[in-house]
Visitor: 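Have a look at the structure that comes next, please.
Count residues from 1 along the sequence. First listed ligand is number 1; within each ligand, the first listed atom is number 1.
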Amino acid sequence: METPSPYQHIVHSRQCDKSFLTSLFSLTDEIRKNPSLFSQELRGKVAATLFYEPSTRTRMSFESAVMRLGGSVISTENAGAFSSAAKGETIEDTMRMLSHYAEFIIMRHYDDDAFEHALNAVEVPFINAGSGRAEHPTQSLLDLYTIHRELGRENDIHVVIVGDLKNGRTVRSLACLLRHYHNIHITFVSPPPLRITDTLRSYLVEHHVAFTETADFEEPLRKADVVYQTRVQKERFDDPTEYQRHKGCYVITRDCAQHMPKDSIIMHPLPRVDEITPDVDDDPRCRYFIQARNGMWVRMALLTVLNRHNYGHA
Ligand code: NCD
């Protein structure tokens, strides 16, 4: 499949080059400083949100973003059960129809390659809001924006990514984006069966991103600028005993946060289960709720970019 321009559709994070990221983040800053200037940006436009998998933050922050830009939302959550997919309709046919009802389509799907089917037929800007284990590009945009804003830089960073690296789509999307910056080192911390995929490993090697893989948690924390904790992805395990074995493999507690540098930050795409204890929430280094809030601003900026490039200025 030919990769579309990120000004047309957002399907995976590898599409986004450095200049796209820089301009998206400066537009995000502009919007958050002065949201009222953008309140008519999507006037008269409709966004369809079609979620075949559970979501709280991604769907609601997208819907809030559309409404704050003056647009309207049509939505079906649990699309697998409540949309015509339950009757056997293909993603292609759903996209063809929705392209007449909405100016933007935002879809989350349990299949890794669902967005490829969508691109075969969609006639309006399309945003992948999470596809199987594969990709979650808008999450990686808000993750990177949070790093940029909270550390004040994107270069010279040691990022420690922890947890279910095999099944977590946010991990994959974020690691790919980090290739655009200098002097990045990623330490991937996971139990051996949940290590990063060969595809991601090859991608990082090909793009000269320095990384190490380990099962040790404590040592990397001591030298981290960013600790990116993730959930063991229960729904992706065929064997529930496998999930039970790995659940709780790495937990950030108050005690273990003591090992982290004072000026480091703790991130998590959320939802959290038990991998960060609630008493860490008061730690000044915790950023996961700020990160979730940033999601709305970044999604407002993204919708503004897609709107201007595909429909001209409001
Ligand atoms: C993530 C996802 O859906 O991949 N959640 C989110 O969108 N913030 C992470 C997860 O579910 O663990």
Side-chain angles (χ1 to χ4, degrees), residues 10-14 49-66 75 77-80 106-115 127-147 150 159-177 188-191 194-197 200 226-237 242-243 246-252 265-277 281 286-300 302-303:
I10 302 290
V11 291
H12 51 65
S13 67
R14 299 182 307 276
T49 56
L50 189 67
F51 278 61
Y52 294 83
E53 270 193 344
S55 168
T56 307
R57 272 153 294 273
T58 305
R59 187 166 70 89
M60 296 221 178
S61 64
F62 258 122
E63 294 183 355
S64 178
V66 171
S75 183
E77 61 174 321
N78 197 359
I106 301 160
M107 183 180 88
R108 168 171 289 189
H109 201 281
Y110 43 81
D111 281 341
D112 289 13
D113 63 353
F115 63 83
I127 301 176
N128 175 7
S131 49
R133 295 176 172 83
E135 278 283 349
H136 195 344
T138 64
Q139 179 70 41
S140 65
L141 294 172
L142 74 94
D143 291 343
L144 188 65
Y145 176 76
T146 303
I147 294 174
E150 297 297 322
V159 186
V160 178
I161 305 187
V162 188
D164 185 353
L165 312 181
K166 178 182 169 199
N167 297 306
R169 54 193 172 199
T170 70
V171 170
R172 205 153 309 162
S173 297
L174 176 61
C176 292
L177 272 194
F188 292 108
V189 177
S190 70
L194 302 185
R195 286 172 66 183
I196 57 168
T197 59
L200 177 58
V226 177
V227 176
Y228 188 93
Q229 174 67 302
T230 66
R231 172 178 74 88
V232 178
Q233 308 275 301
K234 184 178 182 184
E235 67 278 25
R236 313 273 180 225
F237 285 78
E242 265 298 285
Y243 169 69
H246 296 302
K247 180 177 169 294
C249 52
Y250 299 104
V251 179
I252 301 184
I265 58 172
I266 307 171
M267 296 174 61
H268 190 307
L270 302 179
R272 98 177 118 180
V273 184
D274 52 6
E275 59 281 352
I276 301 180
T277 54
D281 299 355
C286 123
R287 293 294 192 283
Y288 27 95
F289 297 118
I290 289 176
Q291 184 185 350
R293 202 173 64 206
N294 285 343
M296 188 189 73
W297 299 115
V298 170
R299 289 176 172 123
M300 283 175 79
L302 197 59
L303 286 158

Visitor: Tell me which one of Thr230, Asp164, Leu165 satisfies side chain to side chain contact (heavy atoms under 4.5 Å, CB included) with Ser190.
Guide: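 Result: among Thr230, Asp164, Leu165, Leu165 is the only option passing the side chain to side chain contact (heavy atoms under 4.5 Å, CB included) with Ser190.
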
Visitor: For atom 5 (N) of ligand 1, what is the nearest protein heavy atom, given as residue, atom name and distance?
Guide: Leu270 O, 3.0 Å

Visitor: With a cut-off of 4.0 Å, which atoms of ligand 1 are near a heavy atom of Thr58?
Guide: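 So the atoms of ligand 1 that pass are 6 (C), 7 (O).
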
Visitor: Rounded to the nearest 0.5 Å, how far apart are CD1 of Ile252 and SG of Cys286?
Guide: 10.0 Å

Visitor: Any non-hydrogen atom of Arg108 lying under 4.0 Å from ligand 1?
Guide: yes

Visitor: Decide whether the shortest distance between a heavy atom of Pro271 and an atom of ligand 1 is less than 4.0 Å.
Guide: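 Yes.
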
Visitor: Give, for atom CD1 of Ile147 and atom CE of Met267, the distance between the pair rounded to the nearest 0.5 Å.
Guide: 4.5 Å

Visitor: Give a yes/no verdict on a cation-pi contact between Arg108 and Phe51, requiring under 6.0 Å between NZ or CZ and the six-membered ring centre and an angle within 45° of the axis.
Guide: no

Visitor: Hey, does Pro269 sit under 4.0 Å from ligand 1 if you only count heavy atoms?
Guide: yes

Visitor: Supply the atom-to-atom distance Ser75 OG to Met60 CE, rounded to the nearest 0.5 angstrom.
Guide: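 Ser75 OG to Met60 CE: 9.0 Å, rounded to 0.5 Å.
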
Visitor: If the cut-off is 4.0 Å to any non-hydrogen atom of Arg231, which atoms of ligand 1 fall inside it?
Guide: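 So the atoms of ligand 1 that pass are 10 (C), 11 (O), 12 (O).
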
Visitor: I want to know if ligand 1 touches Glu235 in the polar sense, i.e. an N/O pair below 3.5 angstrom.
Guide: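 No; the residue has no nitrogen or oxygen that sits under 3.5 Å from a nitrogen or oxygen of the ligand.
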
Visitor: Under 3.5 Å between some N or O of ligand 1 and some N or O of Thr170?
Guide: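 Thr170 vs ligand 1: no N/O contact under 3.5 Å.
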
Visitor: Carefully, step by step, assess Arg272 and Asp281 under the rule salt bridge (charged side-chain N to carboxylate O under 4.0 Å, His left out).
Guide: CA-CA 12 Å; Arg272 98 177 118 180; Asp281 299 355; 2.7 Å; yes

Visitor: Considering heavy atoms of the protein only, find what lies nearest to atom 3 (O) of ligand 1 and give residue, atom and distance to 0.1 Å.
Guide: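 Minimum-distance protein heavy atom for atom 3 (O) of ligand 1 reads Arg169 NH2, 2.9 Å.
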
Visitor: I need the single residue from Ile161, Val160, Val162, Val251 that forms a side chain to side chain contact (heavy atoms under 4.5 Å, CB included) with Gln229. Which is it?
Guide: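 With Gln229 as partner, side chain to side chain contact (heavy atoms under 4.5 Å, CB included) holds for just one option, Val162.
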
